[in-house]
Amino acid sequence: MSEIRVRFAPSPTGYLHVGGARTALFNWLFARKVGGKFILRIEDTDLERSTKAATETILQGLTWLGLDWDEGPYFQTENIELHRKRAYQLVESGSSYRCFCTKQELDAKRKEAEANKVAYKYDGTCRRLSKSEIDAKLAENRPFVIRFAVPQDGQAVTWNDLVYGEQVKQHSDIEDFVMIRADGSPLYILSNVVDDADQRVTHVVRGQDGLPNTPKQILIYKALGEPVPNFAHLPLILDNSRAKLSKRFHGDVVMVSFYQERGFIPDALLNFLALLGWSPGMDREIFSRQEMIELFSFEGVNRSNGVFNFRKGDERNWTDPKALWMNAEYVSKTDLTTLLPMVIEEFKSRGMWREEYEKEKAEWFAKTVDLLRARYRTLVDFPTLGRAYFEDDFTYEDAAVSKNLKDPLLKELLPALAERFAALEFFTLETTEEALRKLAEESGIKAGLIINGARTALTGQSVGPGMFDVIVTIGQKRCVERLKKAAQLIS
RNA sequence: GGCGCAUUGGUGUAGUCGGUUAACACGCAGCCCUCUCAAGGCUGAGACCACGGGUUCGAGUCCCGUAUGCGCUACCA
């Protein structure tokens with residue numbers, strides 16, 4: 001059994017989007033599972049639209065996701081000579097031919113067919129050209145394209161798609177497609193096959209939009225005398241109105257880089273993407289990379305298109321709620337030692353990182369992250385929602401202030417609490433709680449009033465971890481200062 | 001228009017060879033816990049398995065048709 005080889009072959013015409021990431025993921029999972037090779041090939045033959053920046057973005061995205069490739073990146077443009085050579089080889093062998101029809105002629109025929117409501121298919125005019133006719137046109141320097149001569153034998157192309165099962169396509173339904181343009185450049189349909197053959201790809205795993213041109217490609221493989229690879233087509237990802245996901249319409253949510261910016265953990269995104277179109281067939285949804293690798297199979301891939309459940313303009317659910325939930329799971333369940341570097345990175349990129357966090361306050365930092373994580377959904381939440389735990393210049397949320405700092409009694413109580421906190425010799429969960437409850441008791445009011453008032457005074461928010469954890473985390477000195485300061489907020 | 005693929009609650013999915021009160025998760029609602037919460041616990045609503053015919057004692061599961069959606073239909077990739 002020879003080596004199994006798969007490839008991810010994006011065209012560098014933009015960012016890496018979630019659909020592409022999922023295709024890459026499935027290729028990667030399969031390769032890792034069977035001990036094969038995962039190849040990266042950049043299909044940059046569309047010179048007009050391909051950019052160096054897009055290639056960078058794609059590589060960066062895959063790297064961030066941890067989808068490491070074993071070979072490449074290969075660039076399709078570097079192989080153009082081979083593509084051309086192979087096409088001419090087919091002309092020699094008679095399975096392809098030069099077509100001198102002009103675009104204008106073809107357009108006219110297409111229009112006519114449309115007007116008559118007949119399916120347009122190239123009529124094979126040039127396929128019937130005699131040797132002398134061809135030589136004559138060549139002598140006149142007439143431009144030509146190279147078309148594949150689809151067998152007219154009433155047979156069909158068949159293959160067993162690993163996801164979609166047995167497929168049959170009649171030769172008569174396939175037109176003599178163009179492989180080489182008049183300017184001599186190869187088309188995707190050809191380049192793709194030649195590169196896959198050249199790179200000895202054994203399994204073509206790609207989006208379902210590649211399904212219709214698979215028969216054509218199989219025809220090319222056969223004419224070239226190359227082994228036909230296995231094909232596995234993946235369902236597409238649509239939006240909730242069943243339209244294709246696009247940057248133009250949906251904005252940044254389709255870009256992998258956006259998830260990185262918004263604080264996603266790569267494993268969480270991968271986990272979510274994997275389940276969008278694949279299921280290991282069990283009542284579990286959280287899988288580590290290793291588990292996904294072990295569990296992956298094409299039989300588990302769904303055949304119907306998946307819906308990316310996201311609504312524009314919902315700030316809280318800025319992407320599919322399930323993706324957010326999954327990321328939250330990862331944020332709160334990932335080993336702290338694994339999570340910490342990611343959080344630290346987040347602080348660094350926001351200029352909130354301090355030397356002491358990796359020295360004398362390293363333990364404090366880790367504990368604080370651990371305390372906050374259960375309520376956070378993304379990495380970004382730590383420096384933003386959690387700002388008050390790390391910086392003194394946090395903001396008081398209006399809603400929190402009006403909810404918890406309403407009672408005039410607090411104007412006296414908060415400073416009083418500050419006094420008692422300041423007097424504490426040991427600042428612990430127990431001592432702070434005792435001090436606070438005692439104050440409440442002596443004042444004849446419910447502890448909750450002071451607790452919630454303190455919450456907003458200390459963090460600017462109305463939600464958070466258990467209050468005494470918050471108090472101890474923020475520390476004696478800062479608690480005292482903030483309690484005094486907050487009293488001024490009360491009218 | 002032609003060719004192809006698909007169709008289980010709002011979303012993602014499970015339902016091997018036809019016999020289940022159609023399962024799980026997200027989301028949603030309510031309740032509990034509690035010093036708060038977007039955290040945790042519990043409960044619930046929500047699917048006549050697209051529709052119509054068959055086959056069968058019995059179909060989400062098999063067959064045919066229809067509808068709908070999506071893809072392809074380029075000298076784009």
Side-chain angles (χ1 to χ4, degrees), chain A residues 9-13 43-46 48-50 76 99 101-103 106 110 113-114 116-121 143-147 161 164 167-170 173-175 177-183 185-189 191-192 207-215 233 235-236 238 240 242-244 272 275-286 300 302-310 316-317 320-326 328 332 373-377 381 385 400 403-404 433 436-437 446-456 459 461-468 470:
Chain A
S11 51
T13 51
E43 303 210 326
D44 55 349
T45 45
D46 183 347
E48 300 276 306
R49 300 192 299 149
S50 296
Q76 193 154 61
C99 172
C101 295
T102 64
K103 238 174 175 167
L106 262 19
R110 200 189 326 268
E114 270 168 32
N116 297 332
K117 294 207 181 254
V118 181
Y120 172 76
K121 220 176 88 180
F144 59 87
V145 300
I146 291 180
R147 284 181 188 274
D161 194 276
Y164 287 89
Q167 302 293 314
V168 179
K169 179 82 173 182
Q170 298 301 323
D173 285 333
I174 306 173
E175 80 167 338
F177 54 93
V178 176
M179 297 189 298
I180 299 279
R181 295 187 183 87
D183 68 1
S185 61
L187 254 16
Y188 158 81
I189 193 91
S191 300
N192 190 256
Q208 191 234 57
D209 46 355
L211 201 58
N213 57 42
T214 302
H233 287 91
L236 268 20
L238 310 175
N240 42 33
R242 316 280 141 158
K244 209 171 160 184
F272 169 73
L275 261 29
L276 195 54
W278 170 75
S279 166
M282 56 176 80
D283 286 348
R284 251 185 77 196
E285 309 228 81
I286 305 291
N302 217 51
R303 278 170 293 277
S304 54
N305 294 338
V307 171
F308 195 75
N309 190 21
F310 127 91
R316 178 165 160 69
N317 291 315
D320 191 311
K322 190 139 187 179
L324 251 7
W325 165 81
M326 191 157 295
S332 55
R373 68 202 294 213
R375 289 168 177 76
Y376 290 168
R377 302 195 299 174
D381 290 342
L385 295 178
K403 182 183 173 195
N404 292 334
E433 175 153 14
L436 187 146
R437 291 199 187 278
K446 288 173 74 175
L449 178 71
I450 303 180
I451 287 174
N452 287 321
R455 180 183 306 285
T456 300
T459 68
Q461 299 167 342
S462 61
V463 302
M467 206 44 219
F468 300 101
V470 172

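Residue numbers begin at 1 in each chain, while the letters A, B, ... track the order of the sequences. These values consider heavy atoms only, across backbone and side chains, with no hydrogens, waters or symmetry-generated copies.
At a threshold of 4.0 angstrom between heavy atoms, the contacts of A:Val145 include nucleobase atoms, whether or not backbone atoms are also involved. Residue contacts for A:Gly207: at a heavy-atom cut-off of 4.0 Å it reaches no nucleic acid atom on any strand shown. Looking at heavy-atom distances under 4.0 Å, A:Asn213 makes contact with a base. Contact annotation for A:Gln167: backbone-only contact, meaning every heavy-atom pair under 4.0 Å involves sugar-phosphate atoms and none involves a base. Counting any heavy atom pair closer than 4.0 Å across all strands shown, A:Lys403 reaches sugar-phosphate atoms only and no base atom. Among the atoms of the strands shown, only primed sugar atoms or phosphate atoms (P, OP1, OP2) are found under 4.0 Å from some heavy atom of A:Gly306.
When both distances must be under 3.5 Å, the Watson-Crick or G-U wobble mate of B:A23 is B:U13. Using N1 to N3 plus N6-O4 or O6-N4 for Watson-Crick, or N1-O2 and O6-N3 for G-U wobble, each under 3.5 Å, B:U56 pairs with nothing. In a base pair of the Watson-Crick type (N1 to N3 plus N6-O4 or O6-N4) or a G-U wobble (N1-O2 and O6-N3), with each distance short of 3.5 Å, B:C5 is matched with B:G69. In a base pair of the Watson-Crick type (N1 to N3 plus N6-O4 or O6-N4) or a G-U wobble (N1-O2 and O6-N3), with each distance short of 3.5 Å, B:U43 is matched with B:A29.
Nucleotide B:U13 holds its P atom 10 Å from the CG atom of A:Asn305, rounded to whole Å. At whole-Å resolution of the value, CD1 in A:Ile180 and P in B:C76 are 12 Å apart. Distance, A:Gln170 CD to B:G4 C1': 13 Å, rounded to whole Å. One can place CG of A:Asn317 at 10 Å from C1' of B:C26, the figure rounded to the nearest angstrom. A:Phe468 has its CZ atom 9 Å from the P atom of B:C35, to the nearest Å. Atoms CZ (A:Arg303) and C1' (B:A14) sit 14 Å apart, rounded to a whole Å.
The side chain of A:Lys169 lies closest to B:C3 when the candidates are B:C35, B:A77, B:C3. For A:Leu236, whose side chain is taken as the heavy atoms from C-beta onward, the closest listed nucleotide among B:A74, B:C24, B:C70 is B:C70. The side chain of A:Val307 sits closest to B:G12 out of B:G12, B:C75, B:C72. The listed nucleotides are B:G12, B:G71, B:C26; the one nearest the side chain of A:Pro321 is B:C26. In the set B:C26, B:C76, B:G71, B:C26 carries the atom at the smallest distance from any side-chain atom of A:Lys322. Candidate nucleotides B:G2, B:G12, B:U36 were compared by shortest atom distance to the side chain of A:Ala119, and B:G2 ranks first. Checking B:G4, B:G71, B:C75 against every side-chain atom of A:Ala182, the shortest atom distance belongs to B:C75. With B:A23, B:C76, B:G12 as the choices, the nucleotide that has an atom nearest any side-chain atom of A:Leu275 turns out to be B:G12. Proximity note for A:Ser279 (side chain, C-beta onward) versus B:U13, B:A74, B:U11: the nearest is B:U13. Taking only side-chain atoms of A:Arg181, from C-beta outward, the nucleotide of B:G71, B:C76, B:C5 with the closest atom is B:C76.
Look at A:Arg373 and you won't find any side-chain N or O under 4.0 angstrom from OP1 or OP2 of B:A38. Using a 4.0 Å cut-off, some side-chain N or O of A:Asn302 falls inside it from OP1 or OP2 of B:A14. Proximity of A:Thr45 to the phosphate of B:A77: a side-chain N or O atom is located under 4.0 Å from OP1 or OP2. Remark: A:Gln208 is not in phosphate contact with B:C70, judged by side-chain N or O atoms under 4.0 Å from OP1 or OP2.
Between the side chain of A:Arg375 and the backbone N or O of A:Gly464 there is at least one donor-acceptor pair closer than 3.5 Å. Although no hydrogens or angles enter the test, the distance criterion places a donor-acceptor pair under 3.5 Å between the side chain of A:Gln461 and the main chain of A:Leu385. In this structure, A:Asp381 contributes its side chain and A:Tyr376 its backbone to no donor-acceptor pair below 3.5 Å. Remark: the backbone N or O of A:Ile286 is paired with a side-chain donor or acceptor of A:Arg284 at under 3.5 angstrom. A:Tyr164 contributes a side-chain N or O that, together with a main-chain N or O of A:Arg303, makes up a donor-acceptor pair within less than 3.5 Å. Side-chain atoms of A:Ser279 never come within 3.5 Å of backbone atoms of A:Leu275 as a donor-acceptor pair (strictly under, hydrogens ignored).
Comparing B:U66 with B:A6, their C1' atoms are spaced 15 Å from each other, to the whole Å. Separating the C1' atom of B:U20 from that of B:C49 is a span of 13 Å, rounded to the nearest Å. Going from the C1' atom of B:C24 to that of B:G19 covers 22 Å, rounded to whole Å. Of the P atoms belonging to B:G69 and B:C75, the separation is 28 Å, rounded to the nearest Å. B:G2 and B:G46 have their C1' atoms separated by 40 Å, given to the nearest Å. When the C1' atom is compared between B:A23 and B:G60, the two are found 13 Å apart, to the nearest whole Å. Spacing of C1' atoms, B:U16 relative to B:A22, comes out at 16 Å, to the nearest Å. Using P as the reference atom, B:U55 and B:A14 are 31 Å apart when rounded to the nearest Å.
A donor-acceptor contact under 3.5 Å links the side chain of A:Arg316 to the base of B:A38. For A:Arg455 and B:C35, a side-chain-to-base donor-acceptor distance below 3.5 Å is present, hydrogens and geometry of angles not being considered.
Interatomic distance, A:Gln167 CD to A:Leu211 CG, rounded to the nearest 0.5 Å: 5.0 Å.
Residues A:Asn317 and A:Phe310 have side chains not in contact (no heavy-atom distance under 4.5 Å, counting atoms from C-beta outward).
A side-chain donor-acceptor contact under 3.5 Å links A:Asn404 and A:Thr456.
Taking for each of A:Trp325 and A:Pro465 the nucleotide of RNA chain B with the nearest heavy atom, the 5'-most of the two is the partner of A:Trp325.
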